[in-house]
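Report on the structure given below.
Computed over heavy atoms, backbone and side chain alike; hydrogens, waters and symmetry mates excluded.
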Amino acid sequence: MQPLSRPISSLRPHYDVVVVGSGYGGGVTASRLARAGKRVCVLERGKEYLPGDFPARLTDMRAETMMSGGNGKPGLYDLRVGEHMHVLVGCGLGGGSLVNAGVALRPDARVFADPVWPGEISWGDGSLDEGYARAAAWLRPARDPLAEQMTKFRALDRASGALGTAPSAAEVVVSFEATVNAAGIKQPACTRCGDCCGGCNVGAKNTIAMTYLPDADRHGAEIFSQVRVDFIERQGAAGWRIFWRPTGDAKAELAAITADMVVLAAGSLGTTEILLRSRERGLPLSDRLGHGFSANGDIIAFGYNAKERVNAVGVGHPARADVPPVGASVSGQIIVDDPDDLSRSLIVQEGVLPSAVGPLLPVVFVPGGRILGAAHALLKGVYDGPLARTHTFFVVSHDDAKGRIVLRDGRAVIDWPGVMDQPVYDRVDKALVDLCKVNGAAYVKNPMSEGVMGKKPATAHPLGGSGMGKDAARGTVNHKGQPFTGETAGGVHQGLYVSDGSIISRSLGCNPLLTITALAERAVQLIADDYQLRFRITG
């Protein structure tokens with residue numbers, strides 16, 4: 001596969017459409033509007049990674065980790081360390097799709113029945129269903145046909161009696177057979193190495209960089225990486241000016257390009273951050289901007305040293321250990337559905353840590369642990385012994401979405417006093433303690449709790465901050481993703497849209513990638529209708 005990003009020097013002064021961000025929302029928008037014949041530019045703050053470029057060693061992982069957005073060179077992982085909560089987001093061409101677990105789920109129908117959504121979403125006119133269908137056709141969620149043979153799946157199955165529900169194979173955006181995808185890209189079959197969350201060096205994961213972005217490029221979109229957008233402003237009555245600088249060069253002078261339309265798709269933190277900075281410079285926006293942040297009831301936790309083998313550490317590609325195939329990052333899940341109280345529903349997934357973090361695990365999990373031997377001894381300790389019998393749990397549930405994204409020193413951080421008192425954390429703790437007991441494992445909520453992370457919750461599924469609402473009193477954007485001006489109940493900024501996880505108005509209770517993509521597919525169809533554009537979604 002050839003690189004998609006172009007030299008920054010070839011950036012034009014004006015485009016029909018500038019898309020800021022390249023994750024699920026940005027990829028969908030760029031593909032569809034390029035197919036409609038628009039001159040599209042995609043600006044991504046992170047680097048471009050091709051299969052084979054993702055971290056394979058601990059030193060690679062360290063080099064690819066930024067703290068709180070970073071002012072140095074960009075890295076694949078952006079860890080926003082906060083006073084109340086930490087957030088981990090992906091940073092690269094393809095956004096979070098590069099490093100997520102790839103689980104594709106549709107939320108419980110009760111999620112969209114919540115009156116927090118604008119009526120056009122909650123009424124169910126069929127447009128969101130069509131969005132989900134289009135998203136599934138391009139991301140191609142599939143269940144691993146060998147899922148139930150994976151050791152970690154069997155370990156979850158053994159423990160599942162504690163929750164009264166057996167696990168099922170999870171739908172993940174992974175190609176388990178060699179294929180040519182909808183964008184015309186050849187993809188090899190998954191090797192079940194378990195490194196999905198470290199970046200797929202095989203090329204089997206159906207990321208945005210393997211699907212929508214190549215399609216956008218094929219239809220004329222110009223894609224640029226390592227470009228950080230600072231803020232936007234109105235240019236006259238019918239255009240926008242986008243201010244940017246090269247990523248990692250905080251001292252560089254801001255440059256600007258213009259566009260008839262801007263679509264912000266930089267993620268919950270990135271988009272909200274850009275809008276907050278823009279408001280500071282005079283762009284009128286709703287007072288709800290920054291409010292309604294949800295961590296999606298996320299917990300990543302562990303069951304240390306179970307009775308039997310689990311195999312929850314990736315082996316990499318090529319494999320660095322002689323162990324049975326680990327499987328995709330998630331092969332199985334237990335869905336606990338509470339028919340009377342949606343907030344008490346949860347999903348427990350058996351997860352895998354990337355192989356690159358393997359050498360760190362003995363130090364993290366063993367009290368007072370020391371690196372006594374060579375790398376070989378450390379790796380043997382990861383793939384044999386207590387760590388080979390350690391569960392990794394990814395859990396999603398529901399919180400009250402009462403967090404807030406604010407700017408501190410020009411960076412987005414989460415302001416959520418009392419977040420640890422959210423009932424979801426006690427519920428999930430109890431469920432995981434019960435699971436661990438069955439398999440004789442010790443529940444470890446956060447093995448780094450005394451280190452940099454502190455005793456605070458963390459999420460890899462940040463949602464909201466620029467949420468949908470009926471009007472400016474109840475949301476930042478309308479059902480199409482158009483930001484309210486804040487001046488009148490229904491006034492919106494023409495030619496400005498938001499299309500990413502920031503528009504989601506509450507917790508979803510499931511992995512959000514499919515919903516973000518579906519909402520983006522729905523929104524870009526509405527844009528096309530409003531501007532009398534036509535595009536095909538295949539071919």
Side-chain angles (χ1 to χ4, degrees), residues 15-21 23-26 28-30 33 43 116-121 229-244 256 258-294 401 404-407 412 462-506 516 519-520 522-531:
Y15 292 89
D16 296 333
V17 182
V18 168
V19 179
V20 181
Y24 293 102
V28 168
T29 305
L33 293 184
L43 302 178
V116 71
W117 298 96
E120 292 88 346
I121 298 294
V229 171
D230 198 272
F231 66 97
I232 60 173
E233 68 178 18
R234 265 286 184 198
Q235 184 189 39
W240 294 90
R241 185 178 288 113
I242 303 96
F243 291 86
W244 64 276
T258 60
D260 301 326
M261 180 187 298
V262 173
V263 181
L264 297 178
S268 291
L269 271 64
T271 287
T272 306
E273 186 175 283
I274 291 168
L275 287 175
L276 286 168
R277 289 200 208 100
S278 301
R279 187 171 67 180
E280 285 184 342
R281 289 163 173 81
L283 184 66
L285 293 164
S286 163
D287 290 340
R288 289 292 301 168
L289 177 62
H291 292 266
F293 175 83
S294 168
R404 186 180 175 195
I405 300 175
V406 298
L407 288 182
L463 300 174
S466 303
M468 286 186 180
K470 180 180 179 181
D471 51 38
R474 285 170 275 195
T476 300
V477 303
N478 67 7
H479 73 102
K480 298 179 184 180
Q482 295 174 290
F484 294 112
T485 61
E487 297 167 352
T488 59
V492 295
H493 287 287
Q494 297 301 318
L496 179 61
Y497 296 85
V498 176
S499 185
D500 55 26
S502 71
I503 67 172
I504 292 177
S505 304
R506 51 155 297 146
I516 295 172
L519 286 169
R522 176 187 181 275
V524 78
Q525 183 60 62
L526 294 174
I527 292 172
D529 293 345
D530 286 347
Y531 285 84

Subject >> salt bridge (Lys or Arg N to Asp or Glu O under 4.0 Å) partners of residues 270-280, not counting sequence neighbours, each pair once >> reply: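 The answer is R80-E273, E273-R277.
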**OP:** Write out all pairs satisfying salt bridge (Lys or Arg N to Asp or Glu O under 4.0 Å) with one or both partners inside residues 497-506, taking only residues at least two apart or from two chains.
**Re:**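 The answer is D114-R506.
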Subject >> For H291, all residues meeting ring-ring contact (aromatic ring centres under 6.0 Å, His included), sequence neighbours excluded >> reply: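 If we apply the ring-ring contact (aromatic ring centres under 6.0 Å, His included) test to H291, skipping adjacent residues, there are no hits.
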**OP:** With sequence neighbours excluded, tell me which residues meet salt bridge (charged side-chain N to carboxylate O under 4.0 Å, His left out) with R474.
**Re:**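 Result, salt bridge (charged side-chain N to carboxylate O under 4.0 Å, His left out) vs R474: D471.
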**OP:** Could you list the residues that satisfy salt bridge (charged side-chain N to carboxylate O under 4.0 Å, His left out) with D260, not counting sequence neighbours?
**Re:**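 Salt bridge (charged side-chain N to carboxylate O under 4.0 Å, His left out) check on D260 returns nothing, list empty.
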Subject >> Sidechain-backbone polar pair: T271 side chain, A266 backbone, donor-acceptor under 3.5 Å >> reply: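 Side chain of T271 to backbone of A266, a donor-acceptor pair under 3.5 Å: yes, one is there.
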Original post:
Taking S268 for the side chain and S502 for the main chain, is one N or O donor matched with an acceptor at less than 3.5 Å?
Top reply: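 It does hold such a pair.
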With sequence neighbours excluded, what pairs up with [X] under the side-chain contact (heavy atoms from CB on, under 4.5 Å) test?
X	value
S505	V116, W117, M468
D530	K480
I516	Y24, I504, P512

Residues in side-chain hydrogen bond (donor to acceptor under 3.5 Å, both in side chains) with [X], at least two apart?
X	result
R241	E233
T272	S466
D287	none
Y497	none

Subject >> Pair I121-R522, side chain to side chain contact (heavy atoms under 4.5 Å, CB included): steps then yes or no >> reply: CA-CA 10 Å; I121 298 294; R522 176 187 181 275; 3.7 Å; yes
**OP:** With rounding to the nearest 0.5 Å, note down the distance linking OG in S278 to CG in L289.
**Re:**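 One gets 9.0 Å once the value is rounded to the nearest 0.5 Å.
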Original post:
Would a 4.5 Å heavy-atom cut-off, applied to side chains only, mark M261 and Y531 as touching?
Top reply: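 They are in contact (side-chain heavy atoms under 4.5 Å apart), so the answer is yes.
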**OP:** I would like to know whether V406 and F293 meet side chain to side chain contact (heavy atoms under 4.5 Å, CB included); could you show each step before the answer?
**Re:** CA-CA 10 Å; V406 298; F293 175 83; over 6 Å; no
**OP:** Determine, step by step, whether L264 and I232 satisfy the side chain to side chain contact (heavy atoms under 4.5 Å, CB included) criterion, reporting the C-alpha distance in whole Å, the side-chain angles of both residues, the deciding distance to 0.1 Å, and the verdict.
**Re:** CA-CA 10 Å; L264 297 178; I232 60 173; 4.3 Å; yes
Original post:
Do the rings of F243 and F231 sit parallel, tilted or perpendicular, given the 30° and 60° boundaries?
Top reply: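 Taking F231 first and then F243, their aromatic rings lie parallel (interplane angle under 30°).
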